[in-house]
Amino acid sequence: MSTKEKISEKLLVDEKLVSQKEIVLHNDDVNTFDHVIETLMHVCDHTPEQAEQCSLIVHYNGKCTVKTGPYKDLKPRCTLLLEAGLSAEIV
């Protein structure tokens, strides 16, 4: 087995050990675009452009992944989104 194969094999194993979760934001008929954009910028550290794009995707597709990472990082962020009146879940 070559060195390149050993390195590739180790990377695949390491990737499986990191459990990435996602916060999915769902569309609703209550919140304004401005509120969603401001909340995403504050809670998920989005740039204005990212937040606007996510809000449009949610509006037209019904949902959008707005943040990925380990569960322990996403849980407080998802809680803040919910407290702001948005509909979100961790998957």
Side-chain angles (χ1 to χ4, degrees):
M1 187 181 278
S2 72
T3 304
K4 189 174 186 177
E5 288 173 355
K6 287 180 185 177
I7 292 171
S8 294
E9 197 173 297
K10 180 165 176 29
L11 287 175
L12 290 175
V13 171
D14 289 344
E15 286 175 8
K16 289 181 184 178
L17 295 176
V18 177
S19 177
Q20 294 290 310
K21 299 288 186 184
E22 301 176 342
I23 296 178
V24 177
L25 184 65
H26 295 276
N27 192 28
D28 62 40
D29 296 328
V30 179
N31 293 292
T32 65
F33 279 98
D34 287 340
H35 177 65
V36 173
I37 291 167
E38 290 296 323
T39 305
L40 289 174
M41 288 169 51
H42 172 71
V43 173
C44 297
D45 301 323
H46 283 198
T47 65
E49 294 81 12
Q50 286 175 306
E52 183 179 0
Q53 288 176 350
C54 285
S55 68
L56 289 170
I57 292 169
V58 168
H59 179 72
Y60 288 109
N61 293 345
K63 63 182 179 178
C64 177
T65 298
V66 294
K67 193 75 173 174
T68 59
Y71 182 83
K72 67 179 183 177
D73 178 48
L74 299 183
K75 179 64 176 160
R77 293 176 190 266
C78 189
T79 300
L80 289 172
L81 292 173
L82 295 171
E83 288 174 354
L86 303 182
S87 178
E89 66 177 338
I90 299 175
V91 295

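Keep in mind the model is a prediction, meaning the values are calculated, not measured.
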More than 12 heavy atoms from other groups under 6.0 Å of NE2 on His42: no
Reported SG-to-NZ distance for the pair Cys78 and Lys21, which is rounded to 0.5 angstrom: 12.5 Å
Close side-chain approach of Leu25 and Val36, heavy atoms under 4.5 Å: yes
Ring pair (Phe, Tyr, Trp, His ring centres under 6.0 Å) involving His59 - partner list, sequence neighbours excluded: Phe33
Kindly list each side-chain donor-acceptor pair under 3.5 angstrom involving residues 79-91, sequence neighbours excluded, with atom names and distances?
from	atom 1	to	atom 2	distance (Å)
Thr79	OG1	Lys75	O	3.0
Glu89	OE2	His26	NE2	3.0

Separation of Glu38 CD from Asp34 CG (nearest 0.5 Å): 7.0 Å
Exercise: identify the closest heavy-atom pair between Val30 and Asp28: N-OD1, 3.0 Å
From CD1 (Ile37) to CD (Gln50), nearest 0.5 Å: 12.0 Å
Cluster overlap Val43 with Ile23, hydrophobic side-chain contacts below 4.5 Å: yes
Listing, residues 63-74 side-chain donor-acceptor contacts under 3.5 Å, not counting sequence neighbours, or none:
from	atom 1	to	atom 2	distance (Å)
Thr65	OG1	Glu22	OE1	3.2
Lys67	NZ	Cys44	O	3.2
Asp73	OD1	Arg77	NE	3.4

